[in-house]
2 protein chains.
Amino acid sequence: MASADFILGEFNRKIDERFRLSIPTELAEPLCENSTDLILVKERPGCLSLWNSTHWKAKLDAGVNLVKAKINAGRLEGRTADVQMLGRLLSTRHRNVQLAAKQRMLIPEGFREFLGVEAGGEVLIVGAAICVEIWRTDAWLANLEQQMPEFGGLLDTLSS
Amino acid sequence: MASADFILGEFNRKIDERFRLSIPTELAEPLCENSTDLILVKERPGCLSLWNSTHWKAKLDAGVNLVKAKINAGRLEGRTADVQMLGRLLSTRHRNVQLAAKQRMLIPEGFREFLGVEAGGEVLIVGAAICVEIWRTDAWLANLEQQMPEFGGLLDTLSS
DNA sequence: TACTTAGTGGGCTCAAATCCCACGACTCGA
DNA sequence: TCGAGTCGTGGGATTTGAGCCCACTAAGTA
C-alpha cells in the first residue's frame, strides 16, 4: 500500500432521486489515486464502504489465496458449508462502481436496501483511514455511541 | 510543548446567526503561537475544545504514525476492522478549523449539534491550561458543580 | 472629548452541493 | 413490433454556505 495518509473527514450528503451520491472531494481524491474504479462493500446494515480497487484486490486476493491453498491441501474437507458461505459472500458483498463526473456514483440495486436509505434521503460520508464509509444517519449515531468510549484504548492497542 | 504559559480565563460569547464565534484575544493569542490553524475537538456533549494544531499533532501523531507504519509493514492485515474504526473515530472527533479576521471561527456542521447551541445562542469560552474549551452554558454549570469540590485535591495531586 | 481596540452584524462573491430536465437504453405488455 | 414506463447517465440551472471585507457600536484610554 502506498504510504498514503489516512482518509479522514465527515460529511453530510443527500442521495439523489435516482440513487446517486456525490463523494466530497477531500475523500474522493485519496480514494481514487490511480483510477475512478472503486469497490463498494456491504459492511453492516446501514453501512457501506468504498475502497480503492487496487487496494481492495490486494487485500482480498491475499485472503482468498490462503483459502484456496487450504482447499487444495485438503485442509478444509469438513468445512464445505463454510467455504460455500464464503463464496456466497464473495459474490454478494462487493461490487465495482465508478465515480462519474462531479464525483457522483450510483448506489446499485441490492446495496440500496442494505443501506436502508430511500431516494432523496440523507447519509453521512465518513473517512475511515483506509476506506470511505457511507452511513445511514441513525445507524451512525447508534454505532458512535457504542464505540466512542473505546477510542483511547483502540489507539493504544493498535499502536503498541 | 513550549514552556508556554497556561491558557486561562473565562468569557461569555455569542454565537452568530451564521455559527461564527469570535475567540477572545487573550485566549486566541497563546493558542495561535505559530499559525491560525487550530484543531476543534468534540470533548463531550455541550463541550468542544480548541487546540494549537502543532501541539495536537504532537499529541496524536505519535500514536497514529505508529499505526500507519504498521499498516505499511503489513502488520495489521487481520485488523482491518479495527483500523477502520480508528479512522472513523478520528474523522468524527476532530477537525481543522481556521481563525479568520477578528479571531473569528466557523463552527462546522456536526459540531453544532454536538455543542447543542442554536444560532444566536450564548457560550462560555474557557481557558483550560493547554487548550481552550467552548461550553454550552448549562453544561458548564453542571460540570462546575460537580468538579468544584475536587479542585483542592487536584492541585495537590498534580503538583506533588 | 477624541481616539483606539475588540466584538458583532451584515453585504458581496465564489464555489460547491443540490435540483431538475433531457436523452438513450432497456423491459414489459398489448 | 410498437409504445409506455423505468432506469442510468450527463449536464445545465439554482441555491446554499463559507470566506472576505467593511461598517457600526461599546468600552477602555490618553
Tell me the interatomic distance from [X], atom [atom1], to [N], atom [atom2], rounded to whole angstroms.
X      : N      : atom1 : atom2 : result
A:I125 : C:dA16 : CD1   : P     : 16 Å
B:Q103 : C:dA6  : CD    : P     : 8 Å
A:N12  : C:dA16 : CG    : C1'   : 15 Å
B:M105 : C:dT8  : CE    : C1'   : 16 Å
B:D16  : C:dG9  : CG    : P     : 6 Å
A:E17  : D:dT6  : CD    : C1'   : 14 Å
A:L99  : D:dG8  : CG    : C1'   : 16 Å
A:R13  : C:dA17 : CZ    : P     : 4 Å

What parts of residues 21-29 of chain B reach DNA chain D, counting only heavy atoms under 4.0 Å away?
->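 Here the set is empty: none.
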
Looking only at heavy atoms, which two atoms of [X] and [Y] are closest? And how far apart?
X      : Y      : answer
A:E33  : A:N52  : N-ND2, 3.9 Å
B:F114 : B:C47  : CE2-O, 3.7 Å
A:E10  : A:V126 : CG-CG2, 4.2 Å

Hey, which of B:E43, B:E133, B:R44 is the one that makes side-chain hydrogen bond (donor to acceptor under 3.5 Å, both in side chains) with B:S49?
->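 It is B:E43, the one option of B:E43, B:E133, B:R44 that forms the side-chain hydrogen bond (donor to acceptor under 3.5 Å, both in side chains) with B:S49.
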
Examine B:H94 together with B:W51 and report whether their ring centres are nearer than 6.0 Å.
->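 Not under 6.0 Å, so no.
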
Side-chain contact, heavy-atom cut-off 4.5 Å: A:V123 with A:K14?
->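 They are not in contact (no side-chain heavy atoms under 4.5 Å apart), so the answer is no.
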
Can you check whether A:I7 reaches A:P30 side chain to side chain, under 4.5 Å on heavy atoms?
->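 With C-beta onward as the side chain, the pair touches.
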
Does B:N143 use its side chain to pair, donor to acceptor, with the backbone of B:A139 at less than 3.5 Å?
->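 Judged by distance alone, no pair lies under 3.5 Å.
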
Can you hop from A:L60 to A:L50 via hydrophobic side chains spaced under 4.5 Å?
->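 Not linked; separate clusters.
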
Which letters describe nucleotides 11-26 of chain D, given B = protein heavy atom under 4.0 Å from base, S = only from sugar-phosphate, - = neither?
-> BB-----SBBB-B---

